Student: 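If you scroll down you'll find the structure; I have some questions about it.
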Amino acid sequence: MIVLFLCTGNSCRSILAEAVFNHLAPAGWSAMSAGSQPTGQVHPRSLALLAREGISTEGYHSKSWENLPATPDIVITVCGNAAGEACPAYLGPVLRSHWGVADPAHASGTDQEIEAAFMAAYEALRTRIEAFFALPLAALQSNRAHLKTELDRIGTLLA
């Protein structure tokens, strides 16, 4: 099963989610990420945070949803719903859910405050991904309605 983490710029949140998901994924599961209007680069703080957490940053880059290497089974949008951000809508016959996270790329303040915004996004995504992998995935793959319910519930964790 392939999960697509989708946002607008594909430079912070969706990249963090893709990397954490692939780092924790059991056999048969993988993630990719994309943006509806990719910035063309991964935010350096995202890469630094992943490296500090012991997660490979190899091969991650900002890319468009128009050039996906595979068709996803699940699409999870990670745009921040409280920030007035418009999440792109993936058009395709896939299971969709929303896991809104504030965009740390827009954080301002001291270096510590900006770093804290990146860590908060990372921790929210990691908590949700760990909750996802704690589900009885084999059973849920054959029950899309229940899987959708669980994905939506997970999207409210640390929101």
Side-chain angles (χ1 to χ4, degrees), residues 1-133 137 151 154-155 157-159:
M1 295 279 285
I2 301 171
V3 175
L4 169 64
F5 288 98
L6 184 63
C7 67
T8 307
N10 190 223
S11 69
C12 293
R13 296 160 296 180
S14 53
I15 294 284
L16 291 171
E18 176 187 15
V20 170
F21 190 100
N22 286 331
H23 181 73
L24 300 175
W29 288 86
S30 65
M32 56 187 172
S33 69
S36 58
Q37 299 171 356
T39 63
Q41 66 179 13
V42 177
H43 197 291
R45 286 184 188 261
S46 294
L47 295 174
L49 189 157
L50 290 168
R52 280 194 312 275
E53 293 295 320
I55 298 172
S56 173
T57 60
E58 185 76 27
Y60 291 112
H61 62 282
S62 178
K63 56 214 160 291
S64 172
W65 64 351
E66 294 178 5
N67 302 310
L68 297 176
T71 301
D73 301 291
I74 299 169
V75 173
I76 299 174
T77 52
V78 293
C79 298
N81 44 10
E85 243 181 308
C87 263
Y90 182 83
L91 304 174
V94 299
L95 193 61
R96 294 178 190 87
S97 190
H98 179 68
W99 293 1
V101 175
D103 189 352
H106 298 303
S108 60
T110 67
D111 196 50
Q112 285 180 318
E113 290 168 331
I114 294 168
E115 195 58 39
F118 275 83
M119 186 53 80
Y122 168 83
E123 289 174 348
L125 291 164
R126 183 163 184 134
T127 295
R128 292 170 184 176
I129 291 165
E130 288 173 347
F132 175 78
F133 286 133
L137 295 175
L151 285 168
I154 289 169
L157 299 176
L158 291 178

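What you see is a predicted model, and the numbers here were worked out from it, not measured in a lab. Atoms considered below: every heavy atom in the structure, side chains included; atoms not considered: hydrogens, waters and symmetry mates.
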Student: Please tell me if the side chains of L16 and L50 come closer than 4.5 Å, counting only heavy atoms from C-beta onward.
Tutor: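 Yes - at least one pair of side-chain heavy atoms lies under 4.5 Å apart.
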Student: Using every non-hydrogen atom in the two residues, find where S64 and A34 come nearest and quote the distance to one decimal.
Tutor: C-CB, 3.8 Å
Student: Is it true that H98 and T77 share a donor-acceptor pair across their side chains at a distance under 3.5 Å?
Tutor: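 T77 vs H98: donor-acceptor pair found between side chains.
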Student: With a 4.5 Å heavy-atom cut-off, do F21 and I76 have their side chains touching?
Tutor: no
Student: With rounding to the nearest 0.5 angstrom, report the OG to CD distance, S108 to E113.
Tutor: 7.5 Å
Student: Can you tell me if R13 uses its side chain to pair, donor with acceptor, with the backbone of V101 under 3.5 Å?
Tutor: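 Indeed, once roles are kept as given, a pair shorter than 3.5 Å links the two residues.
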Student: Just by distance, do the side chain of S62 and the backbone of G9 share a donor-acceptor pair under 3.5 Å?
Tutor: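 It does hold such a pair.
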Student: Applying side chain to side chain contact (heavy atoms under 4.5 Å, CB included) between I129 and each of I154, V3, L24, report the one that passes.
Tutor: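 Result: among I154, V3, L24, L24 is the only option passing the side chain to side chain contact (heavy atoms under 4.5 Å, CB included) with I129.
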Student: At what distance, to the nearest 0.5 angstrom, does NZ of K63 lie from OG1 of T39?
Tutor: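 It is 10.5 Å, given to the nearest 0.5 Å.
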Student: Find the distance between OG (S33) and CG (L6) and round it off to the nearest 0.5 Å.
Tutor: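 So the OG of S33 and the CG of L6 are separated by 9.0 Å.
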Student: Might you point out which heavy atoms bring M32 and A70 nearest each other, and give the distance in Å?
Tutor: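 In terms of heavy atoms, the two residues are closest at CE-O, 3.0 Å.
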Student: Looking only at heavy atoms, what is the nearest atom pair of M1 and I74, with distance?
Tutor: CE-CD1, 4.1 Å
Student: Would you find more than 12 non-hydrogen atoms of other residues, nucleotides or ligands less than 6.0 Å from E53 atom CD?
Tutor: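 Count over threshold, so yes.
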Student: Is there a side-chain contact between Y60 and N22 (heavy atoms, below 4.5 Å)?
Tutor: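 Of all side-chain heavy-atom pairs linking N22 with Y60, at least one is under 4.5 Å.
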Student: Taking it one step at a time, do I55 and R126 satisfy side-chain contact (heavy atoms from CB on, under 4.5 Å)?
Tutor: CA-CA 12 Å; I55 298 172; R126 183 163 184 134; 3.9 Å; yes
Student: Is there a side-chain contact between I2 and T71 in this structure, where contact means two heavy atoms from C-beta onward sitting under 4.5 Å apart?
Tutor: no
Student: What distance separates H61 NE2 from N10 CG, expressed to the nearest 0.5 Å?
Tutor: 8.0 Å
Student: Is there a donor-acceptor contact under 3.5 Å from the side chain of R128 to the main chain of W99?
Tutor: yes
Student: Check whether any side-chain heavy atom of R45 lies under 4.5 Å from a side-chain heavy atom of P104, and answer yes or no.
Tutor: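 No. Closest side-chain heavy atoms not under 4.5 Å.
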Student: Report yes if the side chains of D103 and C12 come closer than 4.5 Å at any heavy-atom pair, otherwise no.
Tutor: yes
Student: For L137, give me all partners under side chain to side chain contact (heavy atoms under 4.5 Å, CB included), at least two apart in sequence or on another chain.
Tutor: W29, F132, F133, L135
Student: Taking only residues two or more places apart in sequence, or in another chain, which ones meet L47 in a side chain to side chain contact (heavy atoms under 4.5 Å, CB included)?
Tutor: V42, T57
